[in-house]
Amino acid sequence: MEIKLDKQKVPFSLDHTLDCGQLFRWQKIGDWWYGVAADNVIKLTQNEEGLIFEAFPDTPNRRFIEGYLRLDDDLPSIFSKIGKDEHIQEAIRRFCGLRLIRQEPWECLISYICATYKSIPAIKKMVNTISRCYGKRLTFNCIDFYTFPEPATLAQLTCKDLEGCGLGFRAERIVETSKRVDSGNLSLEALKRMDYVEAKRELLDLPGVGHKVADCVLLFSLEKLEAFPIDVWIKRAATNLYASHFDSSFIKRVSGKGSITPKEYTTIAQFGREYFGNYAGYAQEYLFHYLRTKQH
DNA sequence: AAGTCC
DNA sequence: ACTTT
């Protein structure tokens, strides 16, 4: 199935989008990207006209793909709102067409609990191992893919089971969080209907979820585009590129250490929201990808 | 090295 | 302090 895209009105880069570090389970084989979403293998490629995609085992659903890839976001309008200075403008120039993905909240939540204190390659390994061990297998084009396991599946595991997936101290947090979601103690869908502050308070109550993980889940899967996750790269952006927006004592204190306190986190996140506006999350994603890829 | 917990 | 690539 095809989706035609008007490059001027709907800038989109499949490569930048699926390679930006938001998702951990997509892989490019030849010209095609393969991933699993909504219990289907999705196969995608981009050409001059737009997108071509397939799905398995269900029939391809255009609406789902459009929503998943956030083709409904008016990127030119978002750029005009967040393009406040030369740094973010440079990031937008280099990665124009990078979009946030409308991830499934459950997989997003567990993925970012895994992300604590880990590199992106290590996170990919953990999330793929969890899927291979406890998800359902889908064989497509002679390749095995796996769905992400349901809350009930992970809730029944012991920490020892999951530690075998190389999760370390994250195993206990994942099992406990799975129990809360499986029992209905926390409804991820209900969080979509809450405002940012209320939804974040609920998420922070889960084991393994601090400010950073909560903001990632809110931004990537719960429609809270004002969320501004602060990881090491964004902290670096704040202290290096945007130092003039903070007290010099704050910059000195924060730049000298690896992790930051919740109060310091809130100070930087507040700046992000006030400076970049309602689409701060998009600014975060462009800065993150820009700074992370600058190293190589 | 996309932090959280005690 | 925690854990692994």
Side-chain angles (χ1 to χ4, degrees), chain A residues 16-26 91 95 98-101 103 105 107-130 133 159-178 180 200-222 224-225 227-241 253-269 272 280-296:
Chain A
H16 290 152
T17 298
L18 294 181
D19 197 34
C20 76
Q22 182 191 335
L23 298 162
F24 304 109
R25 255 150 59 71
W26 283 81
F95 298 108
L98 165 60
R99 283 170 189 267
L100 293 167
I101 292 289
Q103 254 186 292
E107 179 173 344
C108 185
L109 173 62
I110 299 302
S111 298
Y112 282 91
I113 290 177
C114 289
T116 293
Y117 212 70
K118 283 286 181 183
S119 66
I120 289 176
I123 301 162
K124 287 180 177 173
K125 192 171 182 180
M126 288 186 280
V127 180
N128 280 307
T129 303
I130 292 173
C133 292
C159 296
K160 280 233 166 95
D161 294 327
L162 270 180
E163 278 169 11
C165 295
L167 298 178
F169 61 84
R170 297 161 199 78
E172 183 178 2
R173 300 171 179 178
I174 289 170
V175 172
E176 289 309 308
T177 287
S178 299
R180 296 244 204 129
K200 184 164 181 178
R201 190 168 46 230
E202 296 280 326
L203 284 172
L204 286 175
D205 197 42
L206 297 170
V209 180
H211 283 271
K212 157 66 169 62
V213 173
D215 276 335
C216 285
V217 177
L218 289 162
L219 176 62
F220 299 144
S221 71
L222 295 170
K224 306 298 186 275
L225 267 53
F228 194 80
I230 316 294
D231 71 316
V232 291
W233 295 102
I234 298 300
K235 194 196 77 174
R236 234 167 268 170
T239 55
N240 296 337
L241 309 178
R253 179 155 39 92
V254 163
S255 56
K257 56 185 179 183
S259 59
I260 55 177
T261 66
K263 196 175 173 186
E264 290 162 346
Y265 183 103
T266 303
T267 300
I268 301 175
Y282 256 104
Q284 191 274 3
E285 200 61 6
Y286 272 86
L287 286 172
F288 173 81
H289 195 51
Y290 175 59
L291 293 173
R292 198 172 69 83
T293 53
K294 231 167 114 172
Q295 290 273 100
H296 304 283

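Here is the naming used below: chain letters follow the sequence lines, and residue numbers restart at 1 for every chain.
- Taking the six-membered ring for Trp and the full ring otherwise, A:F24 and A:Y112 have centroids separated by under 6.0 Å.
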Dot-bracket line, read 5' to 3' along DNA chain B, where crossing pairs take [ ] and | marks a partner on another strand, Watson-Crick or G-U under 3.5 Å: ..||..
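- For A:E264, the CD atom counts as densely surrounded, since its 6.0 Å shell holds more than 12 non-hydrogen atoms of other residues, nucleotides or ligands.
- Residue contacts shown for A:L287 are absent, as no nucleic acid heavy atom lies under 4.0 Å away.
- Between A:P207 and A:I234, it is A:I234 whose nearest contact on DNA chain B lies nearer the 5' terminus.
- Shown here is A:K257, whose NZ atom has more than 12 heavy atoms of other residues, nucleotides or ligands within 6.0 Å.
- Looking at heavy-atom distances under 4.0 Å, A:G208 makes contact with sugar-phosphate atoms alone, never a base.
- The listed nucleotides are B:dA2, C:dT5, B:dT4; the one nearest the side chain of A:K125 is C:dT5.
- The residue A:E172 sits apart from the nucleic acid: no heavy atom pair falls under 4.0 Å.
- Atom C1' of C:dC2 sits at a distance of 13 Å from the matching atom of B:dA1, rounded to the whole Å.
- For A:F220, counting side-chain heavy atoms from C-beta on, the closest listed nucleotide (C:dT3, B:dA2, B:dT4) is B:dA2.
- Remark: ring of A:W233 does not overlap the six-membered base ring of B:dA2 in a stacked fashion, as centroids less than 5.5 Å apart with planes less than 30° apart are not both met.
- Heavy atoms only, all atoms of each residue included: A:A280 and A:G272 are closest at CB-O, 3.6 Å.
- At B:dA2, none of the side-chain N or O atoms of A:K118 fall inside 4.0 Å of OP1 or OP2 (strictly under the cut-off).
- A:E163 comes within contact range of no nucleotide atom at all, as no heavy-atom separation falls under 4.0 Å.
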Derivation and outcome, side-chain contact (heavy atoms from CB on, under 4.5 Å), residues A:C20 and A:I101: CA-CA 10 Å; A:C20 76; A:I101 292 289; over 6 Å; no
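- Ring geometry, A:Y290 versus A:F95: the interplanar angle exceeds 60°, so the pair is classed perpendicular (tilted spans 30 to 60°).
- Among C:dT5, C:dT3, B:dT4, the nucleotide with an atom closest to any side-chain atom of A:F169 is C:dT3.
- Under a 4.0 Å N-O distance rule, the pair A:D215/A:K200 qualifies as a salt bridge.
- No engagement by A:R170 is indicated, since no non-hydrogen atom pair under 4.0 Å with the nucleic acid exists.
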